[in-house]
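Beneath this line is the structure, given in structure tokens, with notes to follow.
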Amino acid sequence: MGNRTLRHKRLALAIGVLAFALALPSLCHAAIFGNFTVATPSAEAVTMGDAADTLSFTVTNDAASTKNIRTVFFNADNTLYDFSAATVAPNSCTNPWNVQPNKAACSLPGCISFTSGGGIPPGGSCTFDIVVTGAGDTAIFTNTQDQTDTLLAVVASTNAGANQQKGEFTLVGGLPTWQRKSLAVALTASPISTGVGGQIVVTMTVTNRSSAIQSGVVGCDPAAACPSFPAPVGASVTGIGSPVYGSSTYTTNPNPAILKNDMDAVQTTARVLSTAGFPASGRLLIGTELVDYTGTTGNSFTGASRGVGGTTAASHFKWDVLYGQNTSAFTLDPGEASTITWIFQAGAAGEVYFRALSNDTTGNATSKVATSNTVIIGDFTALTTVSPLSVISGQTVTVLMDVYNNGSTTLTNITPSLSAGGSATATLASGPDPASIATLPSGDTGQFEWQYVITGTLGQTFNFTGSATSDTVGTNPSTSETGVIVVYAVSVNPALLSTGATNVTLTWTVYNNAVIEVKQVQIDISPIVDGTCGTNRWVYGSHAAPANWSSATVGAPVSGVVFTADPPTGTNGILQGQSKDFSITFTCAPDVMADTTFNFPVTITDKSNNTATIETDVMVTAYEVTIEAFNDDCSTALPPWDPADGYSQYCFVATLTKGGVAAPNEPLTFTTTAGALAPIVGFTNASGIMEVILTAPCSTIDVSPTVEARYVPDTTASVTVTFLGIADPILQYVPGSLVFNRTAPAPTGDRTVPVSIDTGDTGAFRLDVTNCGASDITIHPTDTDLAILSGGSDTFALDSLVDITISSLGTATLTFVSGTIASGPLQCYPVLTVDAEYAGPIDYTGPYAFDKAPPGDSISDTVTVSGGTECAAIANIRMLDWMELY
């Protein structure tokens with residue numbers, strides 16, 4: 001690494017060109033042993049503004065050649081590109097290769113060389129993955145539109161070793177080319193897991209990396225004409241609606257709206273929390289239905305035509321998301337970014353990911369193809385991960401299995417199973433933790449953790465396949481990525497930082513699996529810092545060595561740190577099976593316009609001076625998410641506690657920023673370890689904020705849910721709150737259980753939520769209630785009734801001659817006496833009044849007094865009579881004080 005600074009003291013370009021010219025005659029006089037070709041993949045490209053990128057070059061030795069190719073030199077235009085020291089030699093070719101440790105071994109500017117004792121035989125090929133940066137280790141250069149770049153020369157020799165630039169093979173077919181792309185894209189899919197029929201939101205963030213304004217920027221399937229939906233790979237999904245183009249300097253799409261009431265399949269008014277930003281008329285996407293509207297109020301879309309565009313009118317529920325269908329393409333200033341969102345419906349269980357790219361209307365500004373994360377589809381799913389993936393024998397790995405309840409019912413008694421695969425030996429050290437999950441409500445996520453010790457020989461592999469079962473259903477089998485046992489393993493922590501983070505300490509842990517002691521560890525900083533915060537650079541601050549190790553910086557400005565074990569050798573180095581930590585503190589991390597991965601090569605030297613370079617990556621995300629917990633009004637301080645009664649609510653406020661500035665109209669996904677969240681997927685408002693409500697679970701013991709806000713898979717924030725367990729019984733309505741069975745004028749059987757009926761209909765209601773508490777509760781038929789309209793004439797008595805007893809955490813179905821709907825057109829939440837008692841203290845000690853509605857609108861299911869107008873806000877459920885009637 002000490003020689004790496006030599007490339008910053010290269011001879012003037014004129015001297016380099018002269019050296020290349022002087023080398024040319026040797027090509028004429030050298031013996032020629034055959035022909036060779038150099039090719040890149042068809043879509044090979046780099047992106048303007050990236051800190052680094054990788055280009056693949058496949059060198060093929062002609063079958064008619066008489067010698068092996070043992071040295072290959074690549075020469076680039078060093079006014080545009082620099083070859084990074086992070087480049088490693090290929091390990092998948094017929095024979096092993098080495099990359100020259102410093103680029104000064106090449107006599108030409110912008111050169112890197114690879115050597116091999118065996119090389120490429122006649123008829124054989126080898127692919128060289130070369131990490132490139134912009135000239136002088138800066139970001140890759142920008143231009144006004146896409147550029148086509150190429151190498152200056154590729155020289156192949158039969159002699160192994162540096163400076164064997166004899167050109168003993170003739171290049172045929174010309175030099176390979178690649179594109180330098182103007183647009184940078186990142187593709188995410190959320191949620192990570194959903195049920196069959198559920199929605200998947202795919203979001204592309206497009207950044208204009210060029211130096212010119214780009215117009216008509218769209219997103220599309222890489223195999224189709226733009227604009228179009230991304231290409232799904234895997235399980236069956238269907239695109240619905242149109243792409244939703246977010247805000248930019250030139251176009252604005254409103255933030256999605258949220259339904260504040262249930263909505264049946266015939267209503268012509270959609271009531272939402274706010275219509276701010278939406279045009280006076282337009283088209284909406286609600287679930288899988290497209291709706292045209294002709295007017296708006298502050299909180300409703302009016303004059304709705306249902307099921308347009310070939311979709312089917314359907315019922316929707318409170319908290320469902322409505323998307324505006326603005327399909328106007330972007331015009332992006334240099335450095336400006338915005339988002340394109342597509343909505344898919346999951347059609348079958350399985351796994352799916354998406355591929356897409358972006359370009360402008362002229363095709364002169366394009367992006368590379370981006371691939372999203374994987375989404376698992378099913379009512380009860382599992383996702384297994386293992387970390388780290390590169391280990392030494394004897395190292396411990398962590399296996400996590402997340403389970404997702406995407407169905408409509410609570411799952412109980414969830415137990416995990418896990419099996420190890422691969423050729424290495426995996427020995428259980430601990431887990432699963434927890435051993436089981438008692439209940440997993442609809443929409444919730446649970447997690448199991450194991451610790452395993454991996455042992456074996458070099459090159460042996462390991463992976464894990466996990467699944468879970470409940471009392472009624474099992475998950476998919478989920479297999480983790482495959483890990484491998486290596487000579488040296490290196491991990492870096494943290495591996496994710498926010499853009500422009502300050503006073504950041506990165507710690508590299510180096511593991512030794514070799515017999516020979518490690519005496520030196522060198523960590524390169526890429527790109528080389530310039531000492532200025534607010535750029536796409538790392539700014540070195542200080543470093544810390546392990547005990548009995550000395551250290552020194554490399555370069556000015558600092559481009560690396562060398563750590564060396566103090567003598568005597570065999571005592572202070574890293575012995576076989578051991579590890580040590582090495583830290584570098586940066587005054588600031590890079591400022592980035594989009595999520596960017598930075599590579600830190602770690603060069604390990606043993607006592608016999610053998611070296612190996614291990615690549616470590618740190619992602620700097622342009623986005624940072626924070627989350628705070630409040631009382632249910634989303635503004636006042638969190639109370640010391642609320643009961644785990646199925647009604648109590650806390651509000652969580654998530655804030656997304658990009659480079660410290662609010663990031664509007666960006667997707668966030670929320671999960672909780674207990675209770676029910678609404679909504680679980682949405683978009684930030686103009687201030688980069690999104691609010692969600694957590695309703696407490698029913699529990700007889702204290703529950704501490706952790707709520708997580710997630711922007712992309714690696715950008716998250718979480719907060720934990722506590723609900724106190726309930727000793728006394730609490731009656732809770734089971735959402736989604738309200739049913740009306742119409743018997744006249746024409747029997748239609750059950751009509752489920754949201755219930756839509758007509759004036760004059762005759763039939764019976766039924767619903768489910770559960771007892772959240774540690775004591776039994778008895779419901780008396782007297783004074784227990786269901787009213788469609790508070791104080792209205794259509795109030796229906798409980799259809800039972802005997803008391804109904806519900807045990808702790810038990811559920812009962814309440815059926816009400818059949819009657820005729822007398823109310824005129826209206827839309828209301830029904831009012832449930834219950835006469836109950838329990839064998840507890842004389843005075844009821846729960847949170848509710850007579851005729852006081854519990855907080856949180858426990859019955860979220862509406863009854864609509866003849867497509868009527870919304871009722872005034874009313875209490876959803878009335879609990880008569882247990883002693884009130886006795």
Side-chain angles (χ1 to χ4, degrees), residues 185-204 219 221-223 228-240 288 341-357 369-387 389 398-408 411 414 416-422 440 442-450 461-470 473-483 667 669-671 680-681 708 710-716:
V185 297
L187 202 64
T188 59
S190 64
I192 295 174
S193 178
T194 189
V196 173
Q199 286 191 359
I200 301 171
V201 179
V202 179
T203 301
M204 173 189 284
D221 179 338
S228 67
F229 276 79
V233 180
S236 171
V237 295
T238 302
I240 52 178
T288 59
T341 301
W342 297 268
I343 314 297
F344 288 85
Q345 183 181 21
E351 297 184 0
V352 65
Y353 63 90
F354 301 86
R355 301 177 74 247
L357 54 78
V369 176
T371 300
S372 78
N373 55 289
T374 297
V375 176
I376 305 173
I377 301 170
D379 285 346
F380 186 30
T381 64
L383 176 64
T384 305
T385 58
V386 58
S387 178
L389 291 173
T398 299
V399 184
L400 298 176
M401 184 171 69
D402 293 318
V403 290
Y404 304 86
N405 180 3
N406 301 315
S408 59
L411 301 175
I414 298 164
S417 63
L418 190 73
S419 60
L440 189 67
S442 173
D444 278 10
T445 303
Q447 186 179 81
F448 299 96
E449 178 178 327
W450 295 261
T461 60
F462 59 92
N463 57 43
F464 296 87
T465 299
S467 61
T469 58
S470 71
V473 67
T475 69
N476 58 295
S478 170
T479 301
S480 71
E481 294 180 278
T482 296
T669 301
F670 293 83
T671 60
I680 59 173
V681 178
E708 179 186 79
R710 180 181 299 270
Y711 173 60
V712 294
D714 293 320
T715 305
T716 65

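Just so it is clear, the model here is predicted, and its values are computed rather than measured.
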How many angstroms lie between atom CZ of Phe229 and atom CD1 of Ile240, to the nearest 0.5 angstrom?
7.5 Å
Can you tell me how far OG1 of Thr475 sits from CD1 of Ile414, rounded to the nearest 0.5 angstrom?
9.5 Å
Check whether Thr238 reaches the backbone of Gln345 with its side chain - one donor and one acceptor, N or O, closer than 3.5 Å.
no
Closest heavy-atom contact between Gly219 and Met204?
CA-SD, 4.3 Å
Could you check whether any side-chain N or O of Thr461 sits under 3.5 Å from a backbone N or O of Thr482, counting only pairs where one atom can act as donor and the other as acceptor?
no
When rounded to the nearest 0.5 Å, the distance separating OH of Tyr353 from CG of Asn373 is 12.0 Å
CD/Glu481: more than 12 non-hydrogen atoms of other groups inside 6.0 Å
no
On a heavy-atom basis, which atom in Gly446 and which in Leu440 lie closest, and how many Å separate them?
N-CD1, 3.8 Å
Quiz question: by atom type and distance under 3.5 Å, do the side chains of Thr671 and Thr445 form a donor-acceptor pair?
no
Hey, does the side chain of Ser372 reach the backbone of Leu187 with a donor-acceptor pair shorter than 3.5 angstrom?
no
Name the orientation class of the two ring planes belonging to Phe344 and Phe354 (parallel below 30°, tilted from 30 to 60°, perpendicular beyond 60°).
tilted
Spacing of CZ belonging to Phe670 relative to OG1 belonging to Thr716, to within rounding of 0.5 Å:
11.5 Å
Polar contact flag, side-chain donor to acceptor under 3.5 angstrom, Ser417-Ser467
yes
d(Asp402 CG, Ile192 CD1) to nearest 0.5 Å is 7.5 Å
With rounding to the nearest 0.5 Å, note down the distance linking CG in Leu400 to CZ in Phe448.
12.0 Å
Closest heavy-atom pair, Ala349 versus Ala235, reported as atoms and distance to 0.1 Å, is O-CB, 4.2 Å
Do Asp379 side-chain atoms and Gly195 backbone N/O form a donor-acceptor pair below 3.5 Å?
no
For Val237 and Ala346 the tightest heavy-atom approach is CG1-CA, 4.0 Å
Thr384 (side chain) donor-acceptor with Ser480 (main chain) under 3.5 angstrom:
no
Could you report the tightest heavy-atom contact between Ala382 and Val403, atom names first, then the distance?
CB-CG1, 4.3 Å
